[in-house]
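One structure is given here, and the rest of the page talks about it.
Quantities reported herein were computed from a predicted structural model and do not represent experimental measurements.
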Amino acid sequence: MNYLANEGRYAEMPYNRSGKSGLKLPPISFGLWHNFGSIDLFENSRALARHAFDLGITHFDLANNYGPSAGSAEETFGQILKKDLHPYRDELIIATKAGYRMWDGPYGERGSRKSMLASLDQSLKRLGMDYVDIYYSHRFDAETPLEETMSALDQAVRQGKALYVGVSNYNAEQTEQAAAILKGLGTPFIIHQVHYSMFERRLEQGLQDILAREGVGSIAYSPLARGLLTDRYLENIPADSRAAGDSVFLRPEDITEEKIAKSRLLNKLAQERGQSLAQMALVWVLRKGYVTSALIGASKVSQLDDNVAALKQPTFTQEELDLIDQILGG
């Protein structure tokens, strides 16, 4: 049976303008970092993507090396696009990135023109698409002149292979320099993907001021601190959790008593607000309005429902915000 999207998908989902651009993103976006690789069950990945779109999540975030294996998340999403989402392509914002290790040799990573443009061509082939909506430099490359990396992004737009460009994991100074170069090239630099959560607040240490001044939006990755801002680890490390496996992104030693103690106090406040800890953590990231979207992952469709439900209670009292800062600073 052919997939037909939920007709009410736009009834309740709000959309935020990314900086001063014309592009609007949902406050909750779907990242395909996990659960879309070649090791994952395709039908579950397919169900997740379809359900996300049915909820009004129009933005799907990828990178060239997402999987595992590297590149397989793009292949999986390309199949889903072909089977289900192709009729809705103009309603979707699809992003990919390049910069981290992808193939052997000196051009398989970092920010050279050779690497950035070759990677984009490979991504488009895996996705089965003519263009992506957003193309990112995934990390700053100190070995390559920033002008070269930014000119590669500019060329991608001029070739019609990307509509907008962004950066990820750049600090404040690097972002300011990138913005100046792209402005000179006339390229639509609209978004910065940044690690931001209650436990990671470097966005607030100068970077947000630059983004606001330059009219660039932001999208927060790991807003749930890789699961530490959920009820998953409040008592112990579950046997089926990421931290109990072989993940290099969340190890048992990352789950410190100090962070768990803070999570328990935050969880108590979330319950008083009538939310889960994860829901409160998501809307906290969005609380001031300068973060355009929070990027989530999911392994079950029920997790998508729970995350989107956070938007039903997006505001905080000043007393709640003060208490959160007190807990985090304690």
Side-chain ([X]) to main-chain ([Y]) donor-acceptor, under 3.5 angstrom:
{"X": "Arg139", "Y": "Gly99", "answer": "yes"}
{"X": "Ser29", "Y": "Ser293", "answer": "no"}
{"X": "Asn44", "Y": "Ser299", "answer": "yes"}
{"X": "Gln303", "Y": "Lys300", "answer": "yes"}
{"X": "Ser197", "Y": "Phe199", "answer": "yes"}
{"X": "Asp141", "Y": "Thr149", "answer": "no"}
{"X": "Asn267", "Y": "Ser263", "answer": "no"}
{"X": "Ser72", "Y": "Ser38", "answer": "yes"}
{"X": "Ser168", "Y": "Gln193", "answer": "yes"}
{"X": "Ser222", "Y": "Ala225", "answer": "no"}

Over all atoms of both residues, closest heavy-atom pair of [X] and [Y]:
{"X": "Tyr88", "Y": "Ala5", "answer": "OH-N, 3.0 Å"}
{"X": "Ser119", "Y": "Ala98", "answer": "OG-CB, 3.4 Å"}
{"X": "Ala49", "Y": "Ile80", "answer": "CB-CG2, 3.9 Å"}
{"X": "Ser218", "Y": "Val194", "answer": "CB-CG1, 4.5 Å"}
{"X": "Gln279", "Y": "Ala309", "answer": "NE2-CB, 3.7 Å"}

Linked hydrophobic residues, Ile190 as query - side chain contacts closer than 4.5 Å: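 Listed partners: Leu23, Leu25, Ile93, Tyr131, Ile134, Tyr136, Leu163, Tyr164, Ile191, Ile219, Tyr221, Leu295.
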Pair [X] + [Y]: basic N to acidic O under 4.0 Å:
{"X": "Arg201", "Y": "Asp325", "answer": "yes"}
{"X": "Asp84", "Y": "Arg50", "answer": "yes"}
{"X": "Arg213", "Y": "Asp209", "answer": "no"}
{"X": "Arg287", "Y": "Glu204", "answer": "yes"}
{"X": "Lys97", "Y": "Asp61", "answer": "yes"}
{"X": "Glu214", "Y": "Lys20", "answer": "no"}
{"X": "Asp133", "Y": "Arg89", "answer": "yes"}
{"X": "Glu12", "Y": "Lys312", "answer": "no"}

Leu286 and its side-chain contact (heavy atoms from CB on, under 4.5 Å) partner, picked from Pro223, Pro27, Pro314: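 Checked Pro223, Pro27, Pro314 against Leu286; only one passes side-chain contact (heavy atoms from CB on, under 4.5 Å): Pro27.
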Single hit among Glu319, Gln326, Gln318 for side-chain contact (heavy atoms from CB on, under 4.5 Å) with Asp322: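 It is Gln318, the one option of Glu319, Gln326, Gln318 that forms the side-chain contact (heavy atoms from CB on, under 4.5 Å) with Asp322.
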Partners meeting side-chain contact (heavy atoms from CB on, under 4.5 Å) with Glu320 (sequence neighbours left out):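 Expected list: Leu269, Arg273, Phe316, Thr317.
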Gln205: partners by side-chain contact (heavy atoms from CB on, under 4.5 Å), with sequence neighbours left out: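 Here the qualifying residues are Arg202.
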If you round to the nearest 0.5 Å, how far is [atom2] of [Y] from [atom1] of [X]?
{"X": "Glu200", "Y": "His195", "atom1": "CD", "atom2": "NE2", "result": "5.0 Å"}
{"X": "Phe60", "Y": "Thr96", "atom1": "CZ", "atom2": "OG1", "result": "14.0 Å"}
{"X": "Glu75", "Y": "Leu62", "atom1": "CD", "atom2": "CG", "result": "11.5 Å"}
{"X": "Ile94", "Y": "Thr58", "atom1": "CD1", "atom2": "OG1", "result": "10.0 Å"}
{"X": "Tyr100", "Y": "Arg110", "atom1": "OH", "atom2": "CZ", "result": "10.0 Å"}
{"X": "Glu148", "Y": "Met150", "atom1": "CD", "atom2": "CE", "result": "10.5 Å"}

Tyr15, OH atom: more than 12 neighbouring heavy atoms under 6.0 Å: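 Yes, because the 6.0 Å sphere around OH of Tyr15 holds more than 12 heavy atoms from other groups.
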Residue from Lys114, Arg126, Lys161 passing salt bridge (Lys or Arg N to Asp or Glu O under 4.0 Å) with Asp121: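 The salt bridge (Lys or Arg N to Asp or Glu O under 4.0 Å) with Asp121 is passed solely by Lys161 among Lys114, Arg126, Lys161.
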Same apolar cluster: Leu224 and Ile324, side chain cutoff 4.5 Å: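 Leu224 and Ile324: one cluster.
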